[in-house]
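To keep things clear, I will list the structure first and then write my remarks on it.
Numbered from 1 within each chain, the chains take letters A, B, ... in sequence-line order.
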Protein chains: 2
Amino acid sequence: MDQGAGVPVDPPIWDIIELLYFAYRDFVGDPDSVLATFGFGRAHHRVLHFVTRNPGLKVAELLDILRITKQSLARVLKQLVDEGFIEQREGETDRRQRRLFATPKGEALALRLATQQTRRIRRALAELGPEGHAQARRFLVGMINAGGRDEALHFVDQVTGVPRRR
Amino acid sequence: MDQGAGVPVDPPIWDIIELLYFAYRDFVGDPDSVLATFGFGRAHHRVLHFVTRNPGLKVAELLDILRITKQSLARVLKQLVDEGFIEQREGETDRRQRRLFATPKGEALALRLATQQTRRIRRALAELGPEGHAQARRFLVGMINAGGRDEALHFVDQVTGVPRRR
DNA sequence: CATTTATGTCAGCCATGTTGACATATTTCG
DNA sequence: CGAAATATGTCAACATGGCTGACATAAATG
């Protein structure tokens with residue numbers, strides 16, 4: 001069975017490593033051209049996405065999700081606010097906070113980008129069975145750091161971010 | 001059944017969109033600390049990875065995989081060559097080419113990084129059934145641009161890159 | 001021999017990450 | 001109440017890794 005010495009105990013899973021690279025590259029590449037028409041980059045997309053999905057998000061929470069510094073965030077957030085994609089409101093109980101909300105314009109852009117990416121995802125899931133979505137989801141969840149998994153899932157499953165009527 | 005007007009025809013698949021972000025973030029984050037001890041970044045990792053997996057790769061081919069410019073590649077490649085992780089040999093038939101090879105030192109680093117990432121992948125696949133690997137693979141392949149899929153698979157399935165005995 | 005090809009290199013710019021220091025308003029605690 | 005902690009903003013400088021444009025060299029090819 002086993003070939004004995006000389007055979008690595010856990011050989012790298014090269015195909016998944018490389019496919020993750022190719023898949024992610026194309027996935028995040030989808031929105032680029034649309035973003036470019038607004039003078040935005042991927043950093044703007046990430047901010048807009050998480051704010052849209054989590055209306056009322058605190059700046060500190062956003063920093064925690066993105067794992068960047070407040071100085072990095074400030075640059076792109078300022079542009080998104082200046083150009084009317086995101087607005088900031090004082091926290092109701094704690095007036096030091098600036099809760100973040102996507103404007104209708106911001107929500108529209110976020111939805112447009114997500115729809116584009118969803119086409120790709122739908123196509124990929126179509127090649128799996130009926131359990132495809134659940135399987136892909138379980139795989140991706142398993143790839144997240146065990147420590148941050150609950151926090152990530154809390155975000156993912158939070159439905160308040162579905163475009164609200166106002 | 002259908003709720004009629006007002007319901008989006010293809011709602012964004014938010015969970016997969018976000019889980020891809022979190023999963024990829026942690027996945028590529030694994031090697032960071034090791035890379036940092038060599039003064040390398042993720043760009044070095046990508047180059048070293050594909051060269052290790054594809055001994056004798058031409059510069060033009062590498063540029064094609066990474067989709068960056070030769071000027072960007074030059075910066076990191078030069079460091080990898082200078083520090084003995086990659087070596088360049090004249091093409092046997094076409095002496096203009098600089099075929100790229102990982103040195104034993106380079107292979108060792110690539111293997112170390114891949115092994116680290118593989119632990120994460122193995123953990124994730126373990127949560128799926130026996131078909132987990134095949135399913136994850138099919139999902140990721142489906143996420144790649146239809147056009148470049150064959151080329152990507154050609155690379156992924158090429159076995160010459162498995163650490164050769166010399 | 002002229003042209004094309006494979007690669008390298010110089011110079012400068014841009015996007016997005018970092019650290020460190022400091023400012024402001026507000027809340028909380030002794 | 002007043003001191004300390006907290007949430008956020010901002011200035012300045014720097015690092016990484018993308019980009020474009022221009023030009024150089026050697027080798028292959030027609």
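- Listed by first and then second residue, the salt bridge (charged side-chain N to carboxylate O under 4.0 Å, His left out) pairs involving residues 25-41 of chain A are Asp26(A)-Arg67(B), Asp30(A)-Arg120(A), Asp32(A)-Arg42(A) (not counting sequence neighbours).
- Leu63(B) has its CG atom 16 Å from the P atom of dG17(D), to the nearest Å.
- Note on Gln88(A): only backbone sugar-phosphate atoms sit closer than 4.0 angstrom, heavy atoms only; bases stay farther off.
- Here salt bridge (charged side-chain N to carboxylate O under 4.0 Å, His left out) pairs that include residues 123-144 of chain B, with residues two or more places apart or in two chains, are Asp15(A)-Arg137(B), Arg149(A)-Glu127(B), Arg137(B)-Asp157(B).
- Along DNA chain C, read 5' to 3', the first and last nucleotides having any atom under 4.0 Å from a heavy atom of chain A are dT16(C) to dT27(C).
- Listed by first then second residue, pairs satisfying side-chain hydrogen bond (donor to acceptor under 3.5 Å, both in side chains) with a partner in residues 108-118 of chain A number zero, not counting sequence neighbours.
- Salt-bridge check for Lys105(B) with Glu107(B): failed, with every basic side-chain N at 4.0 Å or more from each acidic carboxylate O.
- Between Tyr21(A) and Phe50(B), the ring center distance clears the sub-6.0 Å criterion.
- Residue pairs meeting the ring pair (Phe, Tyr, Trp, His ring centres under 6.0 Å) criterion with at least one partner in residues 72-100 of chain A, sequence neighbours excluded, are Phe38(A)-Phe85(A), Phe40(A)-Phe85(A).
- Remark: Asp150(A) engages no residue in a salt bridge (Lys or Arg N to Asp or Glu O under 4.0 Å) (not counting sequence neighbours).
- Using the six-membered ring where Trp is involved, Trp14(B) and His49(A) have ring planes that are tilted, between 30° and 60° apart.
- Note on residues 54-74 of chain A: no pairs pass ring pair (Phe, Tyr, Trp, His ring centres under 6.0 Å), not counting sequence neighbours.
- If you check residues 64-83 of chain B against DNA chain C, the residues with a heavy atom closer than 4.0 Å are Lys70(B), Gln71(B), listed by number.
- At least one donor-acceptor pair under 3.5 Å links the side chain of Asp94(A) to the backbone N or O of Arg96(A).
- A heavy-atom distance below 4.0 Å to DNA chain C is reached by these residues of residues 35-49 of chain A, ordered by number: Gly41(A), Arg42(A), Ala43(A), His44(A), Arg46(A).
- Annotation: salt bridge (Lys or Arg N to Asp or Glu O under 4.0 Å) contacts of Arg75(B) (sequence neighbours excluded): none.
- Applying the salt bridge (Lys or Arg N to Asp or Glu O under 4.0 Å) test to Arg122(B) and every residue at least two apart in sequence or in another chain returns nothing.
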Identify each atom pair where a protein N or O and an N or O of nucleotides 28-30 of chain D are less than 3.5 Å apart, giving names and distance.
unit_1: dA28(D); atom_1: OP1; unit_2: Arg95(B); atom_2: N; d: 3.2

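- Remark: Arg98(A) does not engage Glu90(A) in a salt bridge, criterion side-chain N to carboxylate O under 4.0 Å.
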